[in-house]
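Notes for the one structure printed next.
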Number of protein chains: 2
Amino acid sequence: MPSSRKPRGPYRKGLERREQILRAALEVFAEHGDRGSSLKEIADRVEMSQAGVLHYFGSREELLLAVLEARDALDTASVGDIHSPGEGMTRTVAHNAQQPGLVSLFVTLSSAATDPAHPAHAFFAHRYDDLARTLTEGLTTGRDQGVVRSDISPEKLARLLLAVSDGLQLQWLMNPDVDMTDLVETFNLMCRPPDGTTDGQAPAAP
Amino acid sequence: MPSSRKPRGPYRKGLERREQILRAALEVFAEHGDRGSSLKEIADRVEMSQAGVLHYFGSREELLLAVLEARDALDTASVGDIHSPGEGMTRTVAHNAQQPGLVSLFVTLSSAATDPAHPAHAFFAHRYDDLARTLTEGLTTGRDQGVVRSDISPEKLARLLLAVSDGLQLQWLMNPDVDMTDLVETFNLMCRPPDGTTDGQAPAAP
DNA sequence: GTCTATACCCGGATAGAC
DNA sequence: GTCTATCCGGGTATAGAC
């Protein structure tokens, strides 16, 4: 792979500019969503012209995808150490509750990206499958340890957990009084074995 | 209230035109979403000019809201006879699975309407609260009859059910292999009392 | 009621000067 | 690299004739 050293010389400024634009674009997209955002506004925020922005990212679409990928990478990294899938999800949701703009961006975009023709369709389709796979693995482990109910397949539980998380974000955006974190934890509770036999350790307990 | 008789005379044609436009607009919005739709296309579909459409609905926004309200009224009516909240939701979801375009419209719009400035914000906010209330009532009844678990409040279960339904629609739109109906039923199962004591009648069984 | 024409706004992308 | 200027396409809403 290429050198990971920070480039010196003429490249440096350009790369920094690029990141600066990326950050600004994230902010703007988070505030106004996909359609509500314009290159102009992003450009204004980094104090350059719209044409200047396009010099770094050939098109608006390219910029949008770059933002999504950068953000997703950051997020998955920040959730890092997970001991059980329920816990991971709870943390993610709790973390999201701090950033309404971003949540809004992802929810809005993921529904818009539902259309196979949408530029971000592939991104979100993969993202869902990845998440479902990761969750399924974690839930399978949990089931084998007896902390997750075994009468429903881990695959189904994973899809449901994903649905709960997305659905709650939607409700929360619509009405901030909805307590996402609490509700996700409640759902985790429902994922425990029917009678509290084997446990003592809830899926999402700290 | 006003006469419910079909108006005769000069009014009649106008009212029919209006409904015709409403139907066409529903189709178009369902196919291309809010932002993807234009008055032009709706006008084309009823074979009149864009200005003609605006003669009936003063603005695009007005038309959109009219479509949402008309559709929502139809839907809630069609779900009609419900014996248990789980059953109602299952049926609705199964029904939706026939109409990807409409589902897409509602999902897309409800996330876009998350923004308080969005024209449809109030509509969706009310809709959520209404749904949550109705579901809560049904689940309370179910709990009293012993078919719904009592260790989690009906309010929470209602919010979760709503979330599951929305979230699954999103996943289904992204990947049609996801079996919404089956998964909602699975969730209903999770809403039953922990041990199959009192029952014999699942919340969503036919 | 319905049309055509048009005014007006906004967006993205491109060309070319500096 | 960065700008200005411009092209081009799209949308909504309005004016005014028929």
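Per chain, numbering begins at 1; letters A, B, ... match sequence-line order.
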Nearest-Å distance for atom pair [atom1]/[atom2], residues [X] and [N]:
X      : N       : atom1 : atom2 : answer
Y56(A) : dA13(C) : OH    : P     : 18 Å
E47(A) : dG1(D)  : CD    : C1'   : 16 Å
R35(A) : dT12(D) : CZ    : P     : 12 Å
E61(A) : dA13(C) : CD    : C1'   : 13 Å
Q20(A) : dG1(D)  : CD    : P     : 14 Å
H32(B) : dG11(D) : NE2   : P     : 11 Å
L64(B) : dG11(D) : CG    : P     : 16 Å
I42(A) : dA13(C) : CD1   : P     : 11 Å

- [ ] In plain terms, say whether D179(B) and R159(A) are close enough for a salt bridge, that is, a side-chain N and a carboxylate O under 4.0 Å apart.
- [x] no
Task: Which nucleotide in dC3(D), dG1(D), dT2(C) has an atom nearest any side-chain atom of H55(A) - done: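 Nucleotide nearest to H55(A)'s side chain: dG1(D).
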Open item on the list: Given 3.5 Å as the limit, does a donor-acceptor pair link the side chain of T92(A) with the main chain of G88(A), or not?
Closed with: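 Yes; at least one donor-acceptor contact below 3.5 Å.
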TODO: Give a yes/no on whether any side-chain N or O of R17(B) is located under 4.0 angstrom from OP1 or OP2 of dT2(C).
DONE: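 Yes, R17(B) has a side-chain N/O under 4.0 Å of OP1/OP2 on dT2(C).
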Open item on the list: Are the side chains of T108(B) and D115(A) in contact, using a 4.5 Å heavy-atom criterion?
Closed with: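 A side-chain contact under 4.5 Å is absent here.
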Open item on the list: Is the shortest side-chain heavy-atom distance between L160(A) and I152(A) below 4.5 Å?
Closed with: no
- [ ] Return yes when atom CD of Q99(A) has more than 12 non-hydrogen atoms of other residues, nucleotides or ligands closer than 6.0 Å, and no otherwise.
- [x]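 Enclosed: over 12 neighbouring heavy atoms sit under 6.0 Å from CD of Q99(A).
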Please write out each protein N/O paired with an N/O of nucleotides 10-12 of chain C under 3.5 Å, distance rounded to 0.1 Å.
unit_1  : atom_1 : unit_2 : atom_2 : d
dG12(C) : OP1    : R60(A) : NE     : 2.6
dG12(C) : OP2    : L39(A) : N      : 3.1
dG12(C) : N7     : Q50(A) : NE2    : 3.3

- [ ] Of all the heavy-atom pairs spanning S37(A) and R60(A), show the shortest one and how long it is.
- [x] O-NH2, 2.7 Å
